[in-house]
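Notes follow the structure.
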Protein chains: 2
Amino acid sequence: MAARTRLTRDRVVGAALRVADAEGLDGLSMRRVADELGVETMALYRYTSSKDELLDGLVERLFIELEESLGSTPFGPAALAAGDAETAPPWREALVGVARAMYRVALAHPHVVPLMALRPFTVPLTRRPPAVLRAHERLLTRLERAGLGERATLELYRAFISWVLGYIVTELREVVDNPDEPEPAFRLGLHRLPVKEFPRLRALGPGLAARGGEEQLAAGVTALIDRFAPPT
Amino acid sequence: MAARTRLTRDRVVGAALRVADAEGLDGLSMRRVADELGVETMALYRYTSSKDELLDGLVERLFIELEESLGSTPFGPAALAAGDAETAPPWREALVGVARAMYRVALAHPHVVPLMALRPFTVPLTRRPPAVLRAHERLLTRLERAGLGERATLELYRAFISWVLGYIVTELREVVDNPDEPEPAFRLGLHRLPVKEFPRLRALGPGLAARGGEEQLAAGVTALIDRFAPPT
DNA sequence: GCGGCATATTTACCTCGTAAACATGTCGTT
DNA sequence: AACGACATGTTTACGAGGTAAATATGCCGC
């Protein structure tokens, strides 16, 4: 378990991802990641300039997984680069496909999603990880090829990002208050809501706790597309 | 400046909000908040059980501001409680009005927005601050009064939250790389993007940096309403 | 005037990120 | 084979931050 293999950035990020997946962001300390690799803490700093930068690495990982998961499909980067107007799927469907893939990747790493949402508050656009920028560029490429004007392109770009991100975040919100409780209503802790004040929340409780799923995500994407780039 | 006035939870949360607004979340430490009040750090713990709980207090503040800003309008809680079908605005417009108000409150406290997005990952639904729960309840009330079925209610509830939250988060992402630079393209740091790889990002740069504004937010809300609760 | 309670302070501890100096092992060169 | 330079990992150490526990302070009713 010692320094059998050399450290690499990939191994460091991989270890960080394992820790984050297993123990959440709170459990993700530099010391913990170092342990995971059987290495001293400061060794990590040869492969990341700071913890923040390592967090960006985690986000980048998700976007790389995204590229990989799309790679083999008609929605993938390859198909896009080929620019084959014959075999390429209609752009609207491509957007939906990308949204679905993002959804799956995000749900596979729920603890990293907060970073996806938050790091951009700090890291300016042009300093985002390459894989993230590539995803943006691909989105813009599709919109441009669709023949949208600049205004529609910008609006749809923003709308797509907002909806997909917001939807994923919303899906991952915690609803369970008491995990060991078998009775759904108690699991949610609905009994702590005064009936008088919160009748609907109580009545809909279980429904609120359920996920919307990929289908609703897809429905929203098409709704926004139709709004900001109406079929002519 | 000493302990002239007694401490209260409101004063503590207020001080925390001032610090957050002025110095961002990174600057928000318990010691800093205590300084702001001219008090020792541990004094704060009489009014909050932990820092996390204080962060929830910040989020709650925003929702209270939301209630206040809506209070005097036809979209406010009062108008809703009155249940006056005559004077009450059509529910679709009410949703748009609420979205706009949230947008304004959020932009007034950009540093708190990350907390709005993130605390729910940790805090289960029924443990959210009362003002937050009231906002949810009001939303559900409007949808129920609109005569939507349970399914449409749940879908629209989720869609509304997702879109508004995602949109606000997206609006607040950092884009400026070099704030002192007058030239827009350099301000964004576009020169760091290889032309070959990122032609569209570079071309659209300034457009991406711009805000979508309230109008696009509103447009998205109506698009999603039409999708999940189509006018009959 | 005094006991008691709410309020605020003092002390102290532990975790965390990371700077800086140091050790070690590998490899190319002669 | 010997050596020096560099890349890789370790040791040591510091300061910031959250918060537990014990302690002091001031005000209140009796």
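What you see is a predicted model; the values in this text were computed from it and never measured.
Comparing A:R31 and A:L44 against DNA chain D, the residue whose closest nucleotide sits nearer the 5' end is A:L44.
B:L125 places none of its side-chain heavy atoms less than 4.5 Å from the side chain of A:E174.
Going from atom CE of A:M30 over to atom C1' of D:dT10 covers 15 Å, rounded to whole Å. We find that CG of B:L28 is positioned 17 Å from P of D:dA16, with the value rounded to whole Å. Across the protein-nucleic acid pair, A:R46 atom CZ and C:dT18 atom P stand 15 Å apart, rounded to whole Å. Whole-Å rounding puts the A:D26 CG to C:dG17 P distance at 11 Å. With rounding to whole Å, A:K51 atom NZ is found 14 Å from D:dA16 atom C1'. Between the CD atom of A:E40 and the P atom of D:dA13 there is a distance of 15 Å, rounded to whole Å. When rounded to the nearest whole Å, the span between CG of A:L7 and P of D:dT8 equals 10 Å. Between the CD atom of A:E23 and the C1' atom of C:dC16 there is a distance of 15 Å, given to the nearest Å.
Looking at B:R127 and B:D56, no side-chain N of the basic residue comes within less than 4.0 Å of a carboxylate O on the acidic one, giving no salt bridge.
Looking only at atom types and distance, the side chain of B:H111 has no donor-acceptor partner in the side chain of B:E23 under 3.5 Å away.
Here D:dG18 is the nucleotide among D:dG18, C:dT18, D:dG9 with the atom lying nearest to any side-chain atom of B:S29. Ranking D:dG18, C:dA8, D:dT10 by closeness to the A:A43 side chain, first place goes to D:dT10. Taking only side-chain atoms of A:M42, from C-beta outward, the nucleotide of C:dT10, D:dG18, C:dA19 with the closest atom is C:dA19. Closest contact between the side chain of A:S50 and the listed nucleotides D:dT19, D:dT8, C:dT18 involves C:dT18.
An OP1 or OP2 oxygen of D:dG9 is reached within less than 4.0 angstrom by a side-chain nitrogen or oxygen of A:Y47.
Looking at A:R128, A:R9, A:R119 one by one, the single match for salt bridge (Lys or Arg N to Asp or Glu O under 4.0 Å) with A:E53 turns out to be A:R9.
Formation of a donor-acceptor pair under 3.5 Å by the B:E137 side chain with backbone atoms of A:R200 is found in this model.
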